[in-house]
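Quick notes on the structure that follows.
Every chain is numbered from 1, with letters handed out A, B, ... down the list of sequences.
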Amino acid sequence: MTSAGTNIHLFNTLTRKKEKFKPLTDSEVKIYTCGPTVYDYAHIGNFRAFIFEDLLKRWLIYRGFKVTHVMNLTDIDDKTIKGSQKQGIPLNRFTEFYVEAFFEDIKKLNIQAADKYPKATEHIPEMVALIKTLMTKGVAYKGEDDSIYFSVNKFSEYGKLSKIKVGELKTGARVSQDEYAKEEARDFALWKAWTPEDGEVFWETELGKGRPGWHIECSAMSTKYLGATFDIHCGGIDNMFPHHENEIAQSEAATDKKFVNYWMHNEHLQVEGKKMAKRLGNFYTLRDLLSKGYDPIAIRYLLMSTHYRQQFNFTFEGLESAKNAVDRLRNFIRRLKETKEQENRGKVAKFVEKLEGDFGSAMDDDLNIGTAIAALFDFVREINNLLDLNAVSKKEAKVIEDTISKLDQVLGVIGKVENRETLPSEVEVLVQKREEARKNKNWKEADAIRTQLKAMGIILEDTAQGVRWHKDKS
RNA sequence: GCUGGGGUGGCCGAAUGGUUCAGGCGGUAGCCUGCAGAGCUGCUCUAUAUGGGUUCAAUUCCCAUCCCCAGCUCCA
């Protein structure tokens, strides 16, 4: 490949069209993704976003780009303050707990770590500097409550991302007190003056005693780590307005440069056909599902397997189905490893080529994962056919394995499949005993041992090449 | 209310102005197997929310209706 990812098209929220992807710097991509607000365990809807972003990143890497990925951690806002006060512990101790939980969760879901996880509380000076710039430029002002607001009317392009016309915005049923302090109802806070409810949480800065508004952290931190203009900014669709719209306003008003070239938003998920909500009892964190015994990789597969711009209906039936789909892929790899044929039949190459072509063109088309996975399963079926005919040599099997492994660098669901793990000696003894019994056609004892092993989490399968076993993953 | 995205087989989900509308899961039958599992093959009955329209031809384009979801309320 002469130049990285020459044919990737991505749907850009700014234009509402699929556009050919061209990064600012050849072969390098800079991505900023909105991370979690660390006031609770993240839920599966959060993870759908993070998995989508992971898939995007892995695909860009697969296509040869060097990717720099920054994900923020929102550790200062109403919810984190409230949470820490409720528990009676300092804000940073409260948020640190959920930051750790978040890292544990994404590891379980095989989400590749970002290059940088900046925390809002560690970038107060950067935010203050940015706000000062906005004030100097006359697009920000101090309100009657001493908070600092961004003047939406001063930024003529406001609304270009969400296509919302400022004049048509509903004033909102809930009119909070501080809105009276603003010149315009739609102006948003850059800096919030301290109030008694904030308790111990405040910074003494040139802007006064207070804390940053929500939107400013992303503008300040993305610019610091990725530059005034960078390639891709992702987030859930709910963030499009007002959060991302406000980021654009703050950043572009401050730098007079285009903030982001490609905005990508993932749709939300529903659970059992309904909006996920605590009061509906269909609200799940990753931990909820793991404690029910589900395989995190099956969860990853499920959340990934629907196109990111499509609303997705999460069901437990779907989760079972995802687990079985992943098992099918893993079984396929196991079969490959058992091939003993020496002679190349030459039937494999064309399928490998087709797979790479179909998978690639599907993913290049705005991450069309459904079609890409279909290509993979078509391939699996074709090769299984050949395996049934003993028409796959050891050497060809290795080529297939390498190909799948390469694609799994993108999917992240198959992982290492071992068919030669070391067995605990007691298990080894049982397997041998069963082989003896089978030889003597003592089916009753053989089946009893098989059942016994199953209870121990070991699945036995008798094949033409002899007994095969693997651990029951789930 | 305004704005936007959707409604595809038993379930999840691709795709498309036109030969048989991917793939996965589930079910079922057959092959294989001592059995089971894995795998392969067939089947899963009129599958494209409803009613109109445009067209030689629509699931795909247009209109209306119903339903779901989201934004307008610091939720991915």
Side-chain angles (χ1 to χ4, degrees), chain A residues 16 33-37 39-40 42-53 74 77-79 162-165 168-176 186 188-189 192 213-215 234-243 245-246 265-270 273-278 301-302 305-315 317-329 331-332 334-335 358 362 368-378 380-389 438 441-444 446-447 450-451 454 459-464 468-470:
Chain A
R16 307 289 155 102
T33 60
C34 282
T37 300
Y39 71 106
D40 199 351
H43 57 70
I44 55 175
N46 299 123
F47 288 118
R48 182 185 191 197
F50 302 141
I51 287 171
F52 144 62
E53 290 152 3
T74 299
D77 79 323
D78 290 350
K79 291 189 292 270
S162 56
K163 315 296 180 204
I164 282 175
K165 294 187 182 68
E168 291 176 6
L169 284 177
K170 193 171 119 184
T171 323
R174 191 202 62 151
V175 180
S176 64
R186 281 306 120 197
F188 57 89
K192 297 180 154 193
W214 173 40
H215 315 292
C234 301
I237 187 113
D238 56 301
N239 277 157
M240 187 171 80
F241 188 90
H243 184 51
E245 196 70 62
N246 292 352
H265 294 94
N266 64 280
E267 262 294 348
H268 281 193
L269 59 72
Q270 294 172 242
K274 287 270 187 309
K275 177 182 176 169
M276 181 166 73
K278 280 181 179 160
Y301 180 90
L302 181 65
S305 60
T306 295
H307 186 80
Y308 73 94
R309 283 190 289 116
Q310 183 83 19
Q311 279 181 9
F312 162 69
N313 185 18
F314 178 94
T315 63
E317 194 184 347
L319 189 48
E320 291 290 343
S321 151
K323 177 193 179 299
N324 291 337
V326 172
D327 279 348
R328 180 167 160 85
L329 294 175
N331 278 329
F332 176 66
R334 282 191 199 101
R335 271 195 90 179
D358 290 352
N368 190 338
I369 186 79
T371 305
I373 288 179
L376 177 58
F377 279 103
D378 279 340
V380 168
R381 192 183 58 249
E382 297 291 358
I383 299 300
N384 267 326
N385 258 318
L386 294 179
L387 286 167
D388 282 355
L389 300 169
R438 289 189 68 225
K441 297 199 190 298
N442 185 350
W443 308 127
K444 206 174 159 186
D447 291 351
R450 185 167 61 194
T451 308
K454 190 174 178 191
I459 305 291
L460 289 188
E461 293 173 12
D462 302 320
T463 73
R468 165 168 107 185
W469 69 272
H470 64 92

Between [N] ([atom2]) and [X] ([atom1]): distance, integer Å:
X       : N       : atom1 : atom2 : answer
N385(A) : rG39(B) : CG    : C1'   : 9 Å
I164(A) : rA70(B) : CD1   : C1'   : 11 Å
N246(A) : rC72(B) : CG    : P     : 11 Å
N239(A) : rG4(B)  : CG    : P     : 21 Å
R309(A) : rA70(B) : CZ    : C1'   : 15 Å
F241(A) : rA76(B) : CZ    : P     : 17 Å
Q270(A) : rG7(B)  : CD    : P     : 12 Å
F332(A) : rG23(B) : CZ    : C1'   : 15 Å

All N/O contacts under 3.5 Å from nucleotides 13-16 of chain B to the protein, with atom names and distances to one decimal?
from    : atom 1 : to      : atom 2 : distance (Å)
rG13(B) : OP1    : N313(A) : N      : 3.1
rG13(B) : O5'    : T306(A) : OG1    : 3.4
rA14(B) : OP1    : H307(A) : N      : 3.0
rA14(B) : O2'    : T371(A) : OG1    : 2.5
rA15(B) : OP1    : N368(A) : ND2    : 3.0

Under 4.0 Å, heavy atoms only, any strand: does [X] hit a base, just the sugar-phosphate, or nothing?
X       : result
A49(A)  : sugar-phosphate
L387(A) : nothing
P242(A) : sugar-phosphate
G45(A)  : base

Inter-residue atom distance [X].[atom1] - [Y].[atom2], 0.5 Å rounding:
X       : Y       : atom1 : atom2 : result
R438(A) : R450(A) : CZ    : CZ    : 8.0 Å
I383(A) : D388(A) : CD1   : CG    : 11.5 Å
N46(A)  : T37(A)  : CG    : OG1   : 8.5 Å

Exercise. Has K163(A) got more than 12 heavy atoms of other residues, nucleotides or ligands less than 6.0 Å from its NZ?
Worked result: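 More than 12 within 6.0 Å, yes.
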
Exercise. Once the angle between the rings of F188(A) and H215(A) is folded into 0 to 90°, is it parallel (under 30°), tilted (30 to 60°) or perpendicular (over 60°)?
Worked result: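 Ring orientation of F188(A) relative to H215(A): perpendicular.
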
Problem set entry | Earlier contact from the 5' end, RNA chain B, for R16(A) and G213(A) |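 Looking at RNA chain B, the more 5' nearest nucleotide goes with R16(A).
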
Exercise. Is there a stack between H268(A) and rA76(B), judged by ring centres under 5.5 Å and planes under 30°?
Worked result: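 Here H268(A) meets both the 5.5 Å and the 30° conditions.
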
Distance, [atom1] atom - from [M] to [N], rounded to whole angstrom:
N       : M       : atom1 : answer
rC21(B) : rA64(B) : P     : 30 Å
rC63(B) : rG5(B)  : P     : 12 Å
rG26(B) : rU65(B) : C1'   : 34 Å

Problem set entry | Close side-chain approach of R48(A) to E267(A), heavy-atom, < 4.5 Å |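 Yes. Closest side-chain heavy atoms under 4.5 Å.
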
For this session: Return the minimal non-hydrogen interatomic distance between L376(A) and L329(A), and the atom names on each side.
Result: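 Looks like CD2-CD2, 4.0 Å.
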
Exercise. Salt bridge or not for D327(A) and R334(A), using N-O below 4.0 Å?
Worked result: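 No salt bridge links D327(A) with R334(A).
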
Problem set entry | Set of ring-ring contact (aromatic ring centres under 6.0 Å, His included) partners for F312(A), sequence neighbours left out |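 Here no residue qualifies.
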
Problem set entry | Residues in ring-ring contact (aromatic ring centres under 6.0 Å, His included) contact with Y301(A), at least two apart in sequence or another chain |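 ring-ring contact (aromatic ring centres under 6.0 Å, His included) list for Y301(A), sorted by chain: empty.
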
For this session: Could you run through nucleotides 24-38 of chain B and give me one letter per nucleotide, 5' to 3': B if any protein heavy atom sits under 4.0 Å from the base, S if only the sugar-phosphate is that close, - if neither?
Result: BSS-------BBBBS

For this session: Please name all residues satisfying side-chain hydrogen bond (donor to acceptor under 3.5 Å, both in side chains) with N313(A), sequence neighbours left out, ordered by chain then number.
Result: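 So N313(A) forms no side-chain hydrogen bond (donor to acceptor under 3.5 Å, both in side chains) with any residue.
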
Exercise. Between N384(A) and rG39(B), does any side-chain N or O lie under 4.0 Å from OP1 or OP2?
Worked result: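 For rG39(B), OP1/OP2 do not have a side-chain N/O of N384(A) under 4.0 Å.
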
Exercise. Using a cut-off of less than 4.0 Å, is there contact between a side-chain N or O of K275(A) and OP1 or OP2 of rA70(B)?
Worked result: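 The answer is yes; a side-chain N or O of K275(A) sits under 4.0 Å from OP1 or OP2.
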
Exercise. Once Watson-Crick and G-U wobble pairs under 3.5 Å are found, how is RNA chain B written in dot-bracket notation, 5' to 3', with | for any base paired to another strand?
Worked result: (((((((..(((.....[....)))((((((.......))))))....(((((..]....))))))))))))....

